[in-house]
Amino acid sequence: MCLIYIAHRVDPRYRLVVAANRDEYHARPTAPAGWWDGAPDLLAGRDLEAGGTWMGITRSGRFAAITNYRDPARHRADARSRGQLVRGFLESRSPALAWLQAMAGDGAAYNGFSLLVHDGATLAFHSNRGAAPQLVQPGVHGLSNHLLDEPWPKVEEGKLDLLALLSKGAPTPEKLLALLDRRVPAADGSLPDTGVGVERERTLSPRFIQGSVYGTRSSTVILVSTEGGVLFRERSFDARGEARGDQVHSFDIAAPARGAAASP
């Protein structure tokens with residue numbers, strides 16, 4: 001992912017509300033969201049080049065999503081795939097914070113990332129670019145290609161829009177997808193400086209990035225109700241920024257097996 005808005009224990013109707021855009025090169029092969037062969041409890045899209053995923057949820061209610069930390073000067077061609085971190089948490093049964101603390105020592109093996117994980121009860125965050133594993137407090141949060149709640153224009157404006165949406169009633173998937181579909185670049189004076197130059201910063205500043213080579217490939221909404229119902233909707237886009245279909249999944253979170261022990 002390159003942009004994630006998440007409402008954690010804000011609305012009494014929902015444990016989690018997630019709205020996120022995945023920005024990627026259009027040539028990179030990708031499978032749409034679905035239940036994985038070989039990991040049937042995991043619902044996610046799939047990166048067919050490296051085998052991992054950018055965001056997913058499990059039948060037990062574990063959720064994870066990752067963004068790349070924009071840091072071109074420190075990029076390494078031999079780094080491990082960051083998408084494996086998402087899969088690793090989803091297939092674990094450890095509490096969110098404990099899992100992040102256990103993997104933090106391997107952070108140098110990856111290019112820059114920021115990772116959100118939720119174990120069904122608690123939300124936690126870690127970045128290998130300056131944020132130790134930490135619990136995330138209830139509230140509306142935003143994450144782009146930096147640290148959690150970094151005040152980039154699309155992070156701050158999107159958080160306000162999500163708060164306003166929640167205040168007006170149930171956040172329907174269509175309304176959340178519309179929130180993600182803002183294609184207006186930020187003013188030059190408010191752009192961050194991540195080492196890619198002003199023109200590139202401007203291109204990357206909208207919530208929805210439209211480009212023939214690189215851009216928003218999909219928008220995803222996840223609603224997890226207080227009662228444990230999950231609605232997952234993914235909308236895919238082509239290189240012209242036109243919608244090319246939705247994947248929709250719904251299920252109820254399964255209760256943990258009695259007497260099951262946590263594994264790392």
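Since we're looking at a predicted model, the values are computed, not measured.
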Ion pair K159/D149, N-O distance below 4.0 Å:
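A salt bridge links K159 with D149.
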
Could you tell me which non-hydrogen atom of A50 sits nearest to which non-hydrogen atom of S81, and how far apart they are?
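Smallest heavy-atom distance, with atoms named: CB-OG, 3.5 Å.
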
Any ring-ring contact (aromatic ring centres under 6.0 Å, His included) pairs touching [range], not counting sequence neighbours?
range	value
residues 120-144	F113-H126
residues 180-227	Y25-Y214, F208-F237
residues 169-193	none

A side-chain contact here means heavy atoms from C-beta on lying under 4.5 Å apart; do [X] and [Y] qualify?
X	Y	value
Y14	R9	no
L100	V117	yes
L3	T67	no
R235	E174	yes
I57	R62	no
W54	D23	no
L166	V140	yes
T220	V18	no

According to side-chain contact (heavy atoms from CB on, under 4.5 Å), who are the partners of R59, at least two apart in sequence or on a separate chain?
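Per chain and number, R59 pairs via side-chain contact (heavy atoms from CB on, under 4.5 Å) with W35, D41, F251.
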
Quick one: side-chain contact (heavy atoms from CB on, under 4.5 Å) partners of P29, sequence neighbours excluded?
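P29 satisfies side-chain contact (heavy atoms from CB on, under 4.5 Å) with L48, E49 once adjacent residues are dropped.
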
Identify, with sequence neighbours excluded, every residue that meets salt bridge (charged side-chain N to carboxylate O under 4.0 Å, His left out) alongside [X].
X	value
E201	R70
R202	D188
R22	E24
R46	none

Hydrophobic side-chain clustering at under 4.5 Å (ILVMFWY, transitive links): who's grouped with V198? Put none if nobody.
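When side chains under 4.5 Å apart are linked, the cluster holding V198 also contains L191.
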
Using the test ring pair (Phe, Tyr, Trp, His ring centres under 6.0 Å), find all partners of F89 that sit at least two apart in sequence or belong to another chain.
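In terms of ring pair (Phe, Tyr, Trp, His ring centres under 6.0 Å), with neighbours along the sequence ignored, F89 is linked to W99.
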
Assess R80 against Y110: is NZ or CZ under 6.0 Å from the centre of the six-membered ring, and within 45 degrees of the ring's axis?
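Pair R80/Y110 counts as cation-pi.
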
Would you say that more than 12 heavy atoms from the other residues, nucleotides or ligands in this model lie under 6.0 Å from the CD of E242, or not?
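Counting neighbours around CD of E242, more than 12 heavy atoms of other residues, nucleotides or ligands fall under 6.0 Å, so yes.
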
Any pair counted as salt bridge (charged side-chain N to carboxylate O under 4.0 Å, His left out), so long as it reaches residues 205-227, sequence neighbours left out
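Salt bridge (charged side-chain N to carboxylate O under 4.0 Å, His left out) check on residues 205-227 returns D161-R207.
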
